Amino acid sequence: MTAVRAIARRLATAAMVLWAAATAAYLALLLAPGDTVDSIIGDGPDTPQIRAEVIAEWGLDRPDVVQYLDYLARAAQGDLGRSYLMQRPVAELVGEHLPATVTLAAAAAVTGVVLALAVALLTAGRRSLLRRGASTTELVLVSTPGFLIGIVLLNVFSFQLGWFPVSGGQDFSALVLPALTLALPVAGVLTQVLRDGLERALDEPFVVTARSRGIRERAVLARHALRHALLPAITLVGWLSGILLGGAVITEQVFGRPGLGQVTLQAVTTKDMPVVLAVVLLSAAVYVAVSTLADLAYLLVDPRLRRS
Amino acid sequence: MRRTLRFTRLLLAGIAAGAVAACSAAPTVPAAGDAGTPVSGGTLTWAVETEPITFNPHQYAQAKARLLVWNSFEALLTHDDQGGFVPWLATGYEAAPDGLSYTVKLRTDVTFHDGEKFDAAAVKANFDQLLAPNYAPAVAAVQLKNLKSVEVVDPATVRINLTAPDVLILDFLASPQGAQVSPKSLRQAANLKAGGVDVVGTGPFTLSAYTPGQQVVYQKNPAYQWAPANAGHTGPAYLDKVVYRFLKEPSVRVGALTSGQVQLIEGVPATDQELIDTSPQLALHKQLNSGSAYSYFLNVGHAPFDDVRVRQAFRYAVDVDAVLQAVYRGTATRAWSIVGPTSPLYDKGYEGRHGFDAAKANQLLDEAGWATRDGEGFRTKDGKRLTLRLVQSAPFVRDRRDVLALAVQAAVKAGAGIDLKVSVVDQGTALKAFEDDQYEVFDNSRADTDAGAALNLLLASTGAINRTGYRDPALDALLAKGQATGDPAARVQVYHDIQRVVLTDQALVIPLYAPADQIAASRGVGGVRFEPTAGVPAGAYGIWIAK
């Protein structure tokens with residue numbers, strides 16, 4: 001019974017978050033300079049006759065409140081409207097591009113996490129040259145703009161060595177460089193957080209206990225310290241989903257990959273309201289889902305949280 | 001240029017070097033080079049800069065997407081390289097003596113890709129669709145504003161009736177928006193305005209697959225037998241298949257070409273043109289575009305440009321050659337008139353006139369009362385600084401025009417103490433600035449095949465993008481006369497008069513450079529060409545790959 005209540009509360013919160021996100025985006029677009037008719041016309045010819053047709057086609061003569069309520073009503077029924085610019089249903093547009101972005105983000109997330117775990121475990125607690133080298137590399141990666149990492153990877157591994165294609169073909173080889181571009185900065189941050197957590201855990205009394213039982217250092221790290229270090233890293237998952245979506249904009253652009261990033265960028269710069277709103281709603285939904293998962297992951301990692 | 005959507009700039013301006021290119025004004029059909037004689041077969045991969053917003057030619061609005069249109073669609077006429085027309089899906093046309101109607105004879109051997117017959121009824125169906133509500137308002141309001149009716153005379157003849165003489169109707173018949181779409185597509189296509197595999201034409205290729213954000217694939221149309229006389233060859237296309245990849249980053253396109261991942265790219269950054277020119281494996285082709293030159297238009301609606309002396313002074317203060325050299329490293333072609341140098345309407349007499357003259361600029365400003373200077377060295381009048389605002393809409397900035405503006409800013413500050421404020425903003429903010437009259441300089445170039453069409457929009461009192469605010473019945477009369485005059489020589493004279501008003505009498509415009517297109521190709525690719533008159537990369541019909 002409590003489980004049902006908890007789930008219901010989660011869903012209600014999610015709906016609230018989605019509504020708030022849609023409304024905030026709607027207001028932001030409404031307050032942005034220039035009116036919708038201008039945005040639809042773009043920098044093409046603009047005459048009263050053309051304006052009248054545009055206004056009639058999109059129902060822009062209705063008061064803003066009516067347009068907003070109409071949008072909400074339709075969105076609740078799953079109708080996201082039609083793109084001003086692309087002249088196609090938004091759901092179709094987003095559906096077309098979503099799989100590519102999900103694939104890219106998932107590949108980048110897995111790569112980033114695996115890299116971070118490996119590097120953190122290898123370098124934590126040592127005062128070696130390796131640790132210093134890794135730490136410097138992480139800092140460089142975190143502070144390098146995504147497009148620069150992309151261009152450098154492309155130049156070396158695609159243009160010079162010819163190992164991977166720049167784009168095209170939905171096969172695995174075309175995914176490697178974009179995923180790496182997106183994963184490297186993520187790995188940089190995660191490694192720093194994980195290593196810091198590991199090193200802090202290594203100073204705790206329970207580690208001394210574990211060591212006194214004769215457990216090997218490697219096992220102390222992986223089995224005992226890591227659990228403690230994971231908690232702050234899991235908190236970063238929400239941040240991670242944001243970084244991946246934001247990074248996808250640049251990565252898709254540089255590599256000529258299909259995806260939501262390109263759609264979003266185009267929609268924002270041309271004030272293509274229905275598309276922007278759809279992307280905002282989608283991001284909010286992903287965020288809600290990801291933070292729910294993170295909450296569940298806490299329970300899995302930390303037994304203390306299960307009791308309360 | 002309309003809707004040349006370059007969102008890239010916004011984020012990647014630092015790394016991307018856009019390009020402007022120089023070239024000879026001669027019509028270009030480059031030599032085959034190492035590709036030898038034409039052979040059939042093979043697949044070409046071509047990296048292009050712009051992904052079309054739509055594949056429906058009626059909705060065409062991106063000059064950079066033009067090279068895709070003519071693969072699968074065709075128009076009734078096409079341009080030759082002398083400013084005239086060549087029949088394409090038509091066999092010929094005849095203008096009535098009063099200029100109020102055009103009778104167009106059609107080919108009888110043409111079928112659409114979906115098996116529909118091309119005939120007079122199909123042509124009428126296309127016109128009807130263009131005039132349908134909520135379909136193509138810009139076409140109906142501009143290109144077809146003088147259209148009265150379209151009659152089917154017999155299956156192979158249509159008559160186009162006009163409300164006023166309008167020679168630009170021929171330009172429309174040769175334009176992408178005038179391309180013929182299968183009537184069946186017009187009736188049944190799932191997404192007519194966006195286009196797609198079910199919106200078909202009569203062209204040498206059929207659109208076979210489109211992956212948004214990535215590529216579009218065209219397959220050879222084996223039944224194709226109706227190329228226009230100036231297409232270079234007849235019968236089906238040489239290539240079996242063409243894959244156009246959308247690679248927005250110029251440096252990525254160049255890298256993809258040099259590493260052999262694609263055989264052809266368009267849009268070559270100025271910084272890479274020398275690399276390609278000197279590479280034994282690659283060939284660089286350049287061609288100036290049609291239409292109006294990239295120019296600064298001066299807002300005469302309020303001070304300081306309500307004074308013609310200040311307009312002249314601003315023009316004299318810009319050392320255009322030095323500025324272009326600094327930004328484009330000698331790859332840009334300087335413009336001397338608002339009309340592009342390849343247009344038959346261009347007045348060559350302006351070359352070398354109204355150029356850089358700092359002394360004259362300063363003298364004119366002194367005369368106009370801007371004689372004092374403030375602490376930063378800028379000219380002032382009644383305590384107000386001589387400030388000019390140039391507002392650029394980021395989505396439409398191309399060819400590094402934002403960087404060019406900064407170079408001009410430095411030049412006019414040093415030369416004449418003028419404070420040019422450049423802001424690159426989103427489209428909404430830019431439009432608001434124009435609406436509220438909060439600007440002094442407006443920048444623009446248009447790729448219309450007939451420069452007259454561009455001037456109508458830019459200069460007429462009611463022009464859709466007349467942002468100089470200059471409204472003059474005499475100039476309007478000249479523009480109307482230019483649109484109504486059928487005799488080519490008389491028409492050229494009208495446009496020379498227009499250029500005199502704009503450039504000499506009123507100093508409304510500062511021409512900067514002539515926009516151009518570049519293609520870089522592997523040596524094995526033959527038949528690379530530019531569209532006559534338009535000067536943009538042509539479709540893939542004439543291209544072959546050496547075996």
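Chain naming here is simple, since letters A, B, ... match the order of the sequence lines and numbering starts at 1 in each. Nothing here was measured: the structure is a model prediction, and the numbers come from that model.
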| F246(B) versus V48(B): any side-chain heavy-atom pair under 4.5 Å? | yes

| When only pairs under 4.5 Å are counted, which of S83(A), P89(A), S158(A), G150(A) shares the most heavy-atom pairs with chain B? | S158(A)

| note | Looking only at H97(A), E92(A), K271(A), the option with the highest number of non-hydrogen pairs under 4.5 Å against chain B is H97(A)

| query | Hey, is the main chain of R245(B) close enough, under 3.5 Å, to the side chain of Q214(B) for a donor-acceptor pair? | reply | no

| said: Using a 4.5 angstrom heavy-atom cutoff, name the option from N191(B), T429(B), V254(B), N134(B) with the most pairs to chain A. | reply: N134(B)

| message | Between D443(B) and R401(B) (salt bridge meaning N to carboxylate O under 4.0 Å), is one present in this structure? | response | no

| note | With chain A, the option among L247(B), V252(B), V425(B) that has the most non-hydrogen atom pairs under 4.5 Å is V252(B)

| task | Please say which of L281(A), V275(A), L282(A), V94(A) ends up in a side chain to side chain contact (heavy atoms under 4.5 Å, CB included) with L80(A). | result | L281(A)

| Among E53(A), R51(A), R88(A), who wins on heavy-atom pairs under 4.5 Å with chain B? | E53(A)

| remark: Note: vs chain A, highest number of non-hydrogen pairs under 4.5 angstrom among P52(B), A138(B), A194(B), P212(B) is P212(B)

| field | Salt-bridge contact E57(A)-K193(B) (side-chain N to carboxylate O under 4.0 Å) | value | yes

